[in-house]
Structure formats: structure tokens, C-alpha cells
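Position 1 is the first residue of the sequence; numbering continues from there.
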Amino acid sequence: MTMRATSVEGVRRANLGEILRLVHHRGPRSRAVITTETGLNRSTVSDLVSTLAEGGLVVEREPDPTRRVGRPSPIVAPSEDVLAIAVNPEVDAVEIGAVTLGGRVRARVREAVRGALDPRDVAAAVARVTGEWTAGELRGCRVVGVGVAVPGLVRAEDGVVRLAPHLGWREERVGERIAEATGLRVAVGNDASLGARAERLFGAARDHADVVYLNGGSSGIGGGLILHGTAIGGADGYAGEWGQNRPSIVDPAERRTPDGVVEDEVNRARLRQAVGLGAVPSADDEALARALAASDDPAVAAEVDRQRRILAATLANAVNVLNPSMIVLGGFLAILHDHDPDGLLGAVRAQALAAPAERLAIRAAALGADRLLIGAAEAAFEPLLADPLA
């Protein structure tokens with residue numbers, strides 16, 4: 001193959017990826033809109049869309065029949081038969097989902113965990129569930145890979161879990177175990193960083209380029225950072241460990257853990273204990289939110305307010321250093337936010353510099369329980385989006 005032929009083929013593959021990424025992230029749109037948004041000419045878009053459709057990656061459907069002006073342009077949508085398997089291992093459960101191009105969770109299971117979670121058991125569960133799906137409700141679908149959202153430090157270079165303390169994992173190659181069990185390509189990342197990516201692409205931060213995301217789960221508090229539309233992972237991929245920062249606590253009587261970090265004080269288990277759910281391992285964030293909302297116990301209200309004060313100080317520090325336009329809170333942190341959204345925003349602004357806080361918005365994660373699965377799937381989809389013909 002000549003150099004020019006190689007170059008032409010490379011450009012074609014890049015353009016295919018651009019169109020597929022566009023309909024995946026931004027939703028169905030007409031060929032005419034794709035032509036405008038990509039800057040490609042009409043015939044090129046027509047050829048590229050046809051190639052993607054022949055490959056089963058997009059589907060075309062008739063436009064809105066009420067449109068009266070001009071020649072109607074077919075609507076191009078990502079195929080919901082193209083899937084990534086998403087995995088989120090936690091201390092109390094392993095959640096596995098099948099996520100479509102376009103970011104919809106088409107199937108999911110949550111399997112409770114008792115005792116230590118062995119990575120080999122995670123790999124076996126992923127292989128078993130994937131096999132059941134592809135032989136049953138997802139028969140005929142194309143599975144492009146697996147994405148794993150781990151609550152711990154994941155080395156960006158090779159996906160090795162350096163440390164997931166609440167899972168008891170250290171220097172664990174869980175991605176390799178899953179690849180061996182399933183025969184699929186596997187991508188592994190930090191859960192909160194992947195959640196940030198999902199909220200930026202599909203959720204509460206969709207229209208924001210500078211985003212701080214904090215996720216509160218059973219394993220503590222992690223986070224992600226997006227600046228100028230680019231996910232920031234740091235030198236090795238470990239950025240965003242907000243929960244490991246030292247908390248700002250004005251009144252020493254409010255400290256619950258001597259010399260503790262933020263996630264020791266702003267803590268899901270403490271909320272569960274306050275409302276009597278400490279001994280109910282199956283209680284998820286929805287159950288916790290309902291219990292908190294129904295409680296009229298002053299001690300419960302005091303614990304919620306204490307955690308919100310410490311959270312507000314942490315967020316104010318993030319505002320001063322990073323100047324985000326949006327902070328997104330996921331997991332049990334979304335519950336603390338929804339208790340009094342305006343009050344939390346006011347508390348953050350009161351402790352931050354006025355200029356970086358003046359345009360700040362704080363939102364609960366819009367994707368709810370889907371956020372980590374969608375984020376994990378996005379990591380699995382990335383090779384396909386980069387080169388749909390690979």
C-alpha cells in the first residue's frame with residue numbers, strides 16, 4: 001500500500017470515528033446535521049454513514065413526518081445492539097450491566113457480596129452473566145468489550161489496581177483475569193473518574209467543560225476532574241482522591257475519627273447507622289435516601305448537617321484551586337446535596353473566593369445508579385470509537 005493510500009485510509013477511519021462518536025455522545029441526528037457539525041461534505045457523510053450502518057454500528061430511520069420544509073434527511077442513531085459489559089465491584093455487591101452505544105443500560109444485575117471479594121470471583125461472575133445474556137435476552141448483540149470501575153487507585157498505563165483498600169486488593173490485575181474468563185478486551189479505571197466522564201458526556205455536566213465530580217460509595221469518596229473538556233488523571237492516573245484529603249473541621253467536637261480524612265467523616269456507613277440501616281447490607285442509596293427523608297429524629301438531622309458542613313469546606317477548597325463551573329455529586333453525596341441544594345451552594349460560596357464561585361453550580365449526578373456502569377462502558381467503547389473498522 002502506498003503512503004498516500006495509507007493516509008487516505010487513516011483519514012477515512014478517523015472520520016468514521018468522529019461520526020460514530022457524535023451520535024453516541026450527542027444522540028440521534030440527521031445526515032444534514034452531521035454534515036454541519038463535522039464540516040464534511042454531504043456525499044462524504046452519506047458514504048461514511050452507509051459504512052457504519054453496514055457494520056451494524058448505526059441505524060437509519062425516517063425523519064419526523066411532520067417536517068414540511070425541504071427534502072427530509074434520514075436520522076442516524078447508534079445501534080442498541082452494540083454493547084459493552086460494565087462492572088463495578090464494591091465491598092457489598094458486584095454490579096454488572098450491559099450498556100448500549102448511546103449510553104443506555106439495557107440489562108443489569110447486582111449480586112450481593114459477603115466477606116472478602118476475590119478478583120477471581122469477579123471474573124467468573126462477569127463471564128457467567130455475560131454468557132447468560134448473550135444466550136438469552138441479548139442474543140444476537142455484539143459485545144465489544146468490558147469496562148471495570150474500581151473503587152481504588154488504578155494505574156493508567158496498564159490498568160493494574162495498585163490499591164483498593166476497602167476491597168483488600170493490592171497490585172491486582174483484575175482486567176487480565178476478566179479477559180481470560182470472557183475472551184473480551186477489558187479496560188479498567190477508577191470508578192469516580194469514570195463516573196465523572198459519564199456525567200460530562202451524558203448527565204448533569206453535559207454542557208460544562210470544567211467539572212469537579214465527587215462520588216460517595218461504600219468504599220469511601222473518590223472523584224474525577226475535567227478541565228477544558230479533558231479528563232485529568234495526573235501523572236499515573238491517580239488524580240481525584242478527594243476522600244483522602246484532610247477535612248476542615250472548625251469545631252473539634254464534630255470530629256468522629258482522630259486524625260481521619262474526609263471520607264472518615266463524610267461517610268455513608270455513618271448515615272446508615274444513624275437511621276438504623278447499619279445491619280441491613282442490602283440497603284442501597286435509594287433506601288438510605290428514603291430513610292433519611294422519613295426520619296424526624298434530631299440526631300439524624302444533626303449527623304446530616306455535620307457531614308454537609310465538612311463536605312462544603314472540601315468543595316470550597318476545590319473551587320478555589322480549580323475554578324470549576326460545575327460540581328457534580330454522586331452516590332450518597334447526592335443525598336446530602338438534595339437535603340438542601342441551595343443551602344449547600346451557599347455554604348460553599350461562603351467559604352470560597354467570590355470570583356471563582358460566582359458562576360458555580362452544584363448538581364446531583366443525573367445518571368443516578370447508572371453513572372458508574374455508563375462510565376465503565378465508555379472506557380470499553382473507546383477503541384471502537386477511535387477506529388470503528390478495527
Whether Glu199 side chain and Leu367 backbone form a donor-acceptor pair below 3.5 Å: yes

Exam field: side chain His337 to backbone Ile362, donor-acceptor pair closer than 3.5 Å: yes

Any donor-acceptor N/O pair, Arg306 side chain to Glu265 backbone, under 3.5 Å: yes

Salt bridge (charged side-chain N to carboxylate O under 4.0 Å, His left out) contacts touching residues 203-225 (sequence neighbours left out): none

Heavy atoms of other groups near Arg359 CZ, more than 12 under 6.0 Å: no

Any donor-acceptor N/O pair, Glu303 side chain to Ala299 backbone, under 3.5 Å: no

Contact check, side chains of Leu277 and Arg268, non-hydrogen atoms, under 4.5 Å: no

Validation row: Gln307, Phe332 side chains within 4.5 angstrom (heavy atoms): yes

Side chain to side chain donor-acceptor pair (under 3.5 Å) partners of residues 93-102, not counting sequence neighbours, each pair once: Glu95-Arg108

Passing candidate, side chain to side chain contact (heavy atoms under 4.5 Å, CB included) with Ile75, options Arg61, Arg31, Arg29, Glu60: Arg61

Test item: Thr51 and Arg12 side chains (from C-beta on) under 4.5 Å apart, heavy atoms: yes

Within 6.0 Å of CD in Glu132, more than 12 heavy atoms from elsewhere: yes

Arg246 side chain vs Asp259 backbone, donor-acceptor pair below 3.5 Å: yes

Side-chain (Arg272) to main-chain (Val280) donor-acceptor, under 3.5 angstrom: yes

Candidate pair Ser79 and Arg142, rule side-chain hydrogen bond (donor to acceptor under 3.5 Å, both in side chains), full reasoning: CA-CA 10 Å; Ser79 171; Arg142 173 183 173 187; over 6 Å; no

Exceeds 12 heavy-atom contacts within 6.0 angstrom, atom CD of Glu286: no

Ile374 and Leu201, any side-chain heavy atoms less than 4.5 Å apart: no

Derivation of the side-chain contact (heavy atoms from CB on, under 4.5 Å) call for Glu172 and Arg177: CA-CA 9 Å; Glu172 179 56 57; Arg177 294 185 186 276; 2.7 Å; yes

Side-chain heavy-atom pair Arg371, Val328 within 4.5 angstrom cut-off: no

Minimum heavy-atom distance Ala127-Ala181, with the two atoms named: CB-O, 3.5 Å

Donor-acceptor contact below 3.5 Å, side chain Arg155 vs main chain Val160: no

Beyond-backbone contact of Asn190 with Tyr238, side-chain heavy atoms, under 4.5 angstrom: no

Residues that Phe381 engages under ring pair (Phe, Tyr, Trp, His ring centres under 6.0 Å), provided they are two or more places apart: His24

Check: Glu254 main-chain N/O paired with Arg256 side-chain donor or acceptor under 3.5 Å: yes

Under 3.5 Å donor-acceptor, Trp169 side chain and Leu117 backbone: yes

Criterion side chain to side chain contact (heavy atoms under 4.5 Å, CB included) against Arg308, the qualifying member of Leu333, Leu336, Val266: Leu336

Thr38 vs Asn15 side-chain heavy atoms within contact, under 4.5 Å: no

